[in-house]
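Worksheet: one structure, shown below.
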Amino acid sequence: MTCTYLITGANRGLGLEFSRQLAARGDRVIAVVRREDAAGGVAALAARVVVAEVTDAAGVEALGREVAGEKVDVLINNAGVSSEGKTLAGVTAGEMERVFRVNSTAPLMVTRAALPALRAGGRRLVVNISSQLASIANNTGGSSYAYRASKCALNMLTTCLANEFRGEGLCFVAMHPGWVKTDMGGPQAPMTPEQSVGWMVKTIDGLSMAESGRFLNYDGKGLPW
Ligand SMILES: NC(=O)c1ccc[n+]([C@@H]2O[C@H](COP(=O)([O-])OP(=O)(O)OC[C@H]3O[C@@H](n4cnc5c(N)ncnc54)[C@H](OP(=O)(O)O)[C@@H]3O)[C@@H](O)[C@H]2O)c1
């Protein structure tokens, strides 16, 4: 069955690879990019390109209006940033706020804006791209304060949404894509975007309400909070 995917950060990295793999198998991709002139290769793959800076309230509201008439099956909140200043000495209040705005607040606001389109869709699924660096249980290294904390907040928001909308059959998961060779992951990362997204698409295809509110690895295995 063909599905419609709404994907943020779709112009490069994992978002572009999601768009490529999903479009290649016949799914419909609505690609969210923050600058039309930087849409790059996704413009040729996507059924629609919508321009939105995900941290801009007016931009996200406009995104909601743009997709209001759509039946969106799956929203992938993929846009994200890493943080500068890895140590306590290096982190600043401004950096904490910048990273939280993109990695935590924006996925929540985009989800709210897309809710009517998600309710109209068949799968009613939201995948928040998180990171294993958000795991408190697995945090043995410290460092990357802003990034870890922002993705940890995203995980909490995922469980809040799962609980609030369980009765409506809306499913929310947080997913770690692996350590992947992208601009963010860097060249030393062991996985390619093709491998990571290949796994995630397979996992997403198999998700049901039973997994709502869970923190999953790319291969579908549960991760500790
Ligand atoms: N790569 C890894 O190893 C890894 C590991 C764990 C988790 N993740 C997560 O996976 C997701 C994708 O990462 P990636 O590796 O593909 O990163 P990437 O190559 O750096 O791409 C990030 C994407 O997010 C978009 N974006 C950033 N800030 C935005 C904003 N304010 N408004 C709209 N779009 C914005 C970027 O758009 P522009 O081109 O306009 O900047 C770009 O499309 C992120 O959430 C990341 O935290 C990645």
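Here the side chains of N128 and N155 are not in contact, with every heavy-atom distance at 4.5 Å or above. Proximity of V197 to V180: side-chain heavy atoms (C-beta onward) are nowhere separated by under 4.5 Å. Here the side chains of R123 and L207 are in contact, with some heavy-atom distance below 4.5 Å. Residues N77 and V54 have side chains not in contact (no heavy-atom distance under 4.5 Å, counting atoms from C-beta outward). Looking at heavy atoms from C-beta onward, M175 lies out of side-chain contact with W199 at the 4.5 angstrom threshold. With contacts defined as side-chain heavy-atom distances shorter than 4.5 Å, the pair I204/F18 qualifies. T8 places none of its side-chain heavy atoms less than 4.5 Å from the side chain of I76. In this structure the side chain of M209 reaches within 4.5 angstrom of the side chain of C171, judged on heavy atoms.
When atom types are taken as modelled, the side chain of S196 and the backbone of G178 share no donor-acceptor pair closer than 3.5 angstrom. Between the side chain of S82 and the main chain of M184, no donor-acceptor pair closer than 3.5 Å is present. For D73 (side chain) and G121 (main-chain N/O), no donor-acceptor pair under 3.5 Å exists by modelled atom type. No donor-acceptor pair closer than 3.5 Å links the side chain of R119 to the backbone N or O of E168. Between the E211 side chain and the S208 main chain, a donor and an acceptor come within less than 3.5 Å of each other. A donor-acceptor pair under 3.5 Å links the side-chain atoms of D219 to the main chain of K221, judged by distance alone. A donor-acceptor contact shorter than 3.5 Å is absent between the side chain of S150 and the backbone of S104. Between the side chain of R98 and the main chain of V81, no donor-acceptor pair closer than 3.5 Å is present. In terms of modelled atom types and a separation under 3.5 Å, the side chain of K71 and the main chain of A120 share no donor-acceptor contact. Remark: side-chain polar atoms of E95 are not paired, donor with acceptor, to backbone N or O of S83 under 3.5 angstrom.
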Check: Would V50 and L63 count as a side chain to side chain contact (heavy atoms under 4.5 Å, CB included) if you check the C-alpha gap in whole Å, the side-chain angles of each, and the deciding distance to 0.1 Å?
Finding: CA-CA 7 Å; V50 179; L63 165 65; 3.6 Å; yes
Checklist line | Worked verdict on Q21 versus E17 for side chain to side chain contact (heavy atoms under 4.5 Å, CB included) | finding: CA-CA 6 Å; Q21 290 193 21; E17 185 58 23; 2.7 Å; yes
Margin query: Show, in sequence, the C-alpha distance, side-chain angles and deciding distance for L75 and T111, and conclude whether the side chain to side chain contact (heavy atoms under 4.5 Å, CB included) test is met.
Written below: CA-CA 8 Å; L75 164 62; T111 299; 3.7 Å; yes
Notebook entry, point to check: M200 and I129: side chain to side chain contact (heavy atoms under 4.5 Å, CB included), yes or no, with the steps?
Noted result: CA-CA 10 Å; M200 289 196 284; I129 302 298; 4.1 Å; yes
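No more than 12 heavy atoms of other residues, nucleotides or ligands sit less than 6.0 Å from atom CZ of R35. For CE of M156, the number of neighbouring non-hydrogen atoms (other residues, nucleotides, ligands) closer than 6.0 Å is 12 at most. Shown here is R112, whose CZ atom has no more than 12 heavy atoms of other residues, nucleotides or ligands within 6.0 Å. Within 6.0 Å of CD on E36 lie no more than 12 heavy atoms contributed by other residues, nucleotides or ligands.
Atoms OG1 and CG, from T159 and L157 in turn, are 7.5 Å apart once rounded to the nearest 0.5 Å. In this structure, the separation between CH2 on W225 and CZ on R214 is 9.0 Å, given to the nearest 0.5 Å. To the nearest 0.5 Å, the span separating NZ on K151 from CD on Q132 amounts to 12.5 Å. Between the CG atom of L108 and the CG atom of N103 there is a distance of 13.0 Å, given to the nearest 0.5 Å. Atom-to-atom distance recorded for T55:OG1 and M109:CE is 12.0 Å, nearest 0.5 angstrom. The CG atom of D183 lies 4.5 Å from the CZ atom of R12; values are rounded to the nearest 0.5 Å.
Put simply, Y5 and L118 are part of two different groups of oily side chains (I, L, V, M, F, W, Y) that touch within less than 4.5 Å, one to the next. Cluster membership for V126 and V110, using ILVMFWY side-chain heavy atoms within less than 4.5 angstrom, is shared. In the hydrophobic clustering of ILVMFWY residues, with side-chain heavy atoms under 4.5 Å counting as a link, Y218 and F215 come out apart. At a threshold of 4.5 Å between side-chain heavy atoms, the hydrophobic network of Ile, Leu, Val, Met, Phe, Trp and Tyr places V74 and L22 in one connected group. Put simply, I7 and L115 are part of two different groups of oily side chains (I, L, V, M, F, W, Y) that touch within less than 4.5 Å, one to the next.
The two atoms that bring A114 and L6 nearest to each other are CB-CD2, 3.9 Å, heavy atoms only. In terms of heavy atoms, P193 sits closest to L14 at CA-CD2, 4.2 Å. Nearest heavy-atom pair across Q195 and P190 is OE1-O, 4.1 Å. Here the shortest heavy-atom pairing between L170 and S212 reads O-OG, 3.9 Å. Of all heavy-atom pairs spanning G169 and R124, the tightest one is O-CB, 3.5 Å. Contact record, G185 with T182: N-OG1, 3.0 Å, taken as the closest heavy-atom pair.
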Anything under 3.5 Å between a donor and an acceptor, one on a side chain of residues 137-146, the other on a protein residue two or more places apart or in another chain? List them.
residue: N139; atom: OD1; partner: G141; partner atom: N; Å: 3.4
residue: N139; atom: OD1; partner: G142; partner atom: N; Å: 2.9
residue: N139; atom: OD1; partner: R148; partner atom: NH1; Å: 3.3

